[in-house]
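This report concerns only the one structure given below.
Atoms considered below: every heavy atom in the structure, side chains included; atoms not considered: hydrogens, waters and symmetry mates.
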Amino acid sequence: MDQNLAVLVLALSLLSLNAAFVVEGVRAQAMFVFGDSLVDPGNNNDLLTLAKANYFPNGIDFSGGATGRFCNGRTTADYLGNLIGLPLIPAFNGFTTMSSRTIPGINFASAGAGILNDTGRHFGQLCPMDEQIKNFRRILREITSKAGGIDGYLGKSLFLVGVGSNDYINNYLFPTSDRPNQYTPNAYHQLLIQEYERQLKNLYDLGGRRFLIAGLGPLGCIPNQIGYLNQSTNNCVERINRMASRFNSKLKSMLRGLNSNLSEAYFLYWDIYTSSMDIINNASHYGFKYTHKACCGGGRTKGQIICLPLLPFECENRSEFVFWDPYHPTDAFNAIISREAYQGKLQNKYPMNVQHLIEL
Ligand SMILES: *[C@@H]1O[C@H](CO)[C@@H](O)[C@H](O)[C@H]1NC(C)=O
Ligand SMILES: *[C@@H]1O[C@H](CO)[C@@H](O)[C@H](O)[C@H]1NC(C)=O
Ligand SMILES: *[C@@H]1O[C@H](CO)[C@@H](O)[C@H](O)[C@H]1NC(C)=O
Ligand SMILES: *[C@@H]1O[C@H](CO)[C@@H](O)[C@H](O)[C@H]1NC(C)=O
Ligand SMILES: *[C@@H]1O[C@H](CO)[C@@H](O)[C@H](O)[C@H]1NC(C)=O
């Protein structure tokens, strides 16, 4: 199909989706987001940390400019919120200044954060998963009273959780880490899964019922890992991809357990790994030209130096890149995988995708 035609068809199908919402009035009550920089809307902006992105050229294609998102445009949390009929979900650090009576949700995600408390600490301050959940617990009464009268408000909200990448990249695999001396890779996967399971059960105990859990992407394909670890700039680092895959299989079986043990709970596994590999291997089919080098960054594959305002910025056409910076994908990539999560075949039992999940 001709490129412009494809875009038109896509735009039309999105329009008709929105129309369907208006007619049927199906939308999630709210969306609560937990995780790391892949979904952080700027929660680290006021922290003492290197893990923040509230400067140009981040946000170059975002209506609000440089908000703290590690992206040229929207994150998957932004896209999914839109697909389920909600306005932009505000960051937790802006919560106290929010005046509206009913809120569309809150995003607690923090760049550099992981499942474990010590993950990403070399960046400075951040908010690990346990603390994000604590923040949610702290303002729970206020949220639900603002939503007063809405039956089963939390139970009808979407909980998006995406965490774990930093527990590898900025913990176990970090050059100065002592973890490999304490844990075999397998024992480390196990530790993460056990802590993650406890955290998801906490969110269930607090009232969450409809969960979309993002698996890890192919971590060996991010420009940072390719830039540092592989001679060939057109190949992913297999060893790192294998670690992500093993974590993902354990995550999937943990979620199966939660689905069968926790009543009325739905934990959808989001297979970002497979979607990413499909996009990387069939780049032109999706309109991408560059799959292994970043748009903004420096050094080999532009993966060795983070995206900074002082670096020469020569990336005119962001939609041709899978990766925005050494670690994070572009708006164009996020748009594609979010649509897959919403409409696509995530798993072969009901609910299959996010659209089914919020209609339950
Ligand atoms: C993180 O620290 C909190 C106490 O601040 C503790 O309750 C929790 O178990 C720790 N989480 C992990 C994953 O170690
Ligand atoms: C680099 O990529 C090549 C080709 O995929 C692979 O054979 C090699 O093992 C990789 N090197 C590292 C250090 O992973
Ligand atoms: C689910 O319940 C079974 C049986 O009580 C137990 O063996 C299993 O560990 C539980 N799994 C989870 C994820 O809680
Ligand atoms: C993408 O590439 C994979 C091989 O990596 C292939 O199996 C699949 O059919 C391709 N998909 C499309 C849409 O071209
Ligand atoms: C940007 O890239 C997309 C996808 O390859 C292409 O359709 C579009 O024409 C390009 N725009 C410019 C200004 O080069």
Side-chain angles (χ1 to χ4, degrees), residues 1-3 6-7 36-38 53 57-58 60-61 70-76 162 164-175 185 214-249 270-308 311-340 344:
M1 202 181 336
D2 165 75
Q3 194 80 46
V7 170
D36 55 31
S37 56
L38 290 166
N58 291 298
I60 187 170
D61 301 311
F70 289 76
C71 189
N72 60 309
R74 297 197 251 180
T75 67
T76 54
S165 303
N166 288 316
D167 293 294
Y168 290 93
I169 303 293
N170 287 304
N171 195 333
Y172 197 83
L173 296 168
F174 198 69
L216 298 186
L219 297 177
C221 297
I222 64 177
N224 167 266
Q225 294 294 306
I226 297 174
Y228 274 109
L229 295 178
N230 205 314
Q231 280 77 16
S232 147
T233 51
N234 257 325
N235 285 300
C236 303
V237 188
E238 293 304 330
R239 177 174 64 86
I240 310 291
N241 275 354
R242 271 198 301 277
M243 287 194 96
S245 291
R246 298 219 165 106
F247 172 87
N248 284 341
S249 359
W270 186 3
D271 189 354
I272 289 182
Y273 190 102
T274 303
S275 300
S276 303
M277 289 316 290
D278 180 52
I279 292 171
I280 289 171
N281 290 330
N282 309 289
S284 63
H285 174 82
Y286 294 94
F288 293 112
K289 271 194 193 145
Y290 307 100
T291 50
H292 294 79
K293 76 169 184 185
C295 196
C296 184
R300 234 170 136 262
T301 64
K302 293 204 180 182
Q304 294 178 297
I305 303 172
I306 60 169
C307 176
L308 290 169
L311 295 174
F313 184 65
E314 299 144 346
C315 184
E316 284 299 313
N317 198 342
R318 272 78 69 183
S319 65
E320 293 179 336
F321 286 76
V322 167
F323 288 99
W324 163 243
D325 70 12
Y327 303 93
H328 308 95
T330 51
D331 176 282
F333 176 91
N334 288 338
I336 294 168
I337 64 167
S338 302
R339 219 158 38 236
E340 281 178 10

Q. To the nearest 0.5 Å, what is the distance between OH (Tyr172) and CD1 (Ile240)?
A. 10.5 Å
**Q.** Spatial distance of atom OG (Ser165) from atom CG (Asn171) [nearest 0.5 Å]
**A.** 12.5 Å
Q. Who are the ring-ring contact (aromatic ring centres under 6.0 Å, His included) partners of Tyr273, not counting sequence neighbours?
A. none
Q) CG/Leu219 to CD/Gln225 distance, rounded to the nearest 0.5 angstrom? A) 7.5 Å
**Q.** N/O donor-acceptor pair under 3.5 Å between Arg246 side chain and Ala244 backbone
**A.** no
Q) Which pair of heavy atoms, one from Gly164 and one from Asp36, lies closest together, and at what distance? A) N-OD2, 4.1 Å
Q. What's the spacing between Asn224 CG and Ile169 CD1 if we round to 0.5 Å?
A. 6.5 Å
Q | Euclidean distance, Thr274 OG1 relative to Glu340 CD, rounded to 0.5 Å | A | 10.0 Å
Q | Spacing of Arg300 atom CZ and Leu229 atom CG [to the nearest 0.5 Å] | A | 9.5 Å
Q | Listed partners of Glu314 passing salt bridge (charged side-chain N to carboxylate O under 4.0 Å, His left out), at least two apart | A | Lys302
(Q) Does Cys315 form a disulfide (SG to SG under 2.5 Å) with Cys296? I'd like the steps, not just the answer. (A) CA-CA 7 Å; Cys315 184; Cys296 184; over 6 Å; no
Q. Can you tell me if the gamma sulfurs of Cys236 and Cys221 fall under 2.5 Å?
A. yes
Q. Is the backbone of Phe321 close enough, under 3.5 Å, to the side chain of Thr330 for a donor and an acceptor to pair up by distance?
A. yes
Q.
Run the side-chain contact (heavy atoms from CB on, under 4.5 Å) test on Asn166 and Tyr327 for me, step by step, so that the C-alpha distance in whole Å, both residues' side-chain angles and the decisive distance to 0.1 Å come before the verdict.
A. CA-CA 10 Å; Asn166 288 316; Tyr327 303 93; over 6 Å; no
Q. Counting distance only, does the side-chain N/O of Arg239 pair as donor-acceptor with the main-chain N or O of Gly220 below 3.5 Å?
A. no
Q: For residues Asn58 and Trp324, determine if any side-chain heavy atom of one lies less than 4.5 Å from a side-chain heavy atom of the other.
A: yes
Q: Classify the ring geometry between Phe323 and Phe333 as parallel (under 30°), tilted (30 to 60°) or perpendicular (over 60°).
A: parallel
Q: Return yes if some donor-acceptor pair links the side-chain N/O of Tyr228 with the main-chain N/O of Gln304 below 3.5 Å, else return no.
A: yes
Q | Minimum heavy-atom distance between Ile272 and Ala214, given as atom pair plus value | A | CD1-CB, 3.7 Å
**Q.** N/O donor-acceptor pair under 3.5 Å between Asn72 side chain and Asp331 backbone
**A.** yes
Q) Could you walk me through whether Phe247 and Asp167 pass the side-chain contact (heavy atoms from CB on, under 4.5 Å) check? A) CA-CA 11 Å; Phe247 172 87; Asp167 293 294; over 6 Å; no
Q. Between the side chain of Asn282 and the main-chain N/O of His285, is any donor-acceptor distance below 3.5 Å?
A. no
**Q.** Check: Asn235 and His292 side chains under 4.5 Å, non-hydrogen atoms
**A.** no
Q | Atom of Leu38, atom of Thr75 and distance for their closest heavy-atom approach | A | O-CB, 3.5 Å
**Q.** Side-chain donor or acceptor of Asn248 paired with backbone N/O of Leu216 under 3.5 Å
**A.** yes
(Q) Looking at every non-hydrogen atom in both residues, tell me the closest pair between Cys307 and Pro326 and how far apart they are. (A) N-CD, 4.2 Å
Q. Does the pair Ile337 and Thr76 meet the rule for a side-chain contact (heavy atoms from CB on, under 4.5 Å), with working shown?
A. CA-CA 8 Å; Ile337 64 167; Thr76 54; 3.8 Å; yes
Q | Asn334 side chain vs Arg74 backbone, donor-acceptor pair below 3.5 Å | A | yes
Q.
Under a 3.5 Å distance rule, please check whether Ser319 uses its side chain to pair with a backbone N or O of Ala332 as donor and acceptor.
A. no
(Q) Quick one, Leu173 and Met243 - any side-chain contact, counting heavy atoms below 4.5 Å? (A) yes
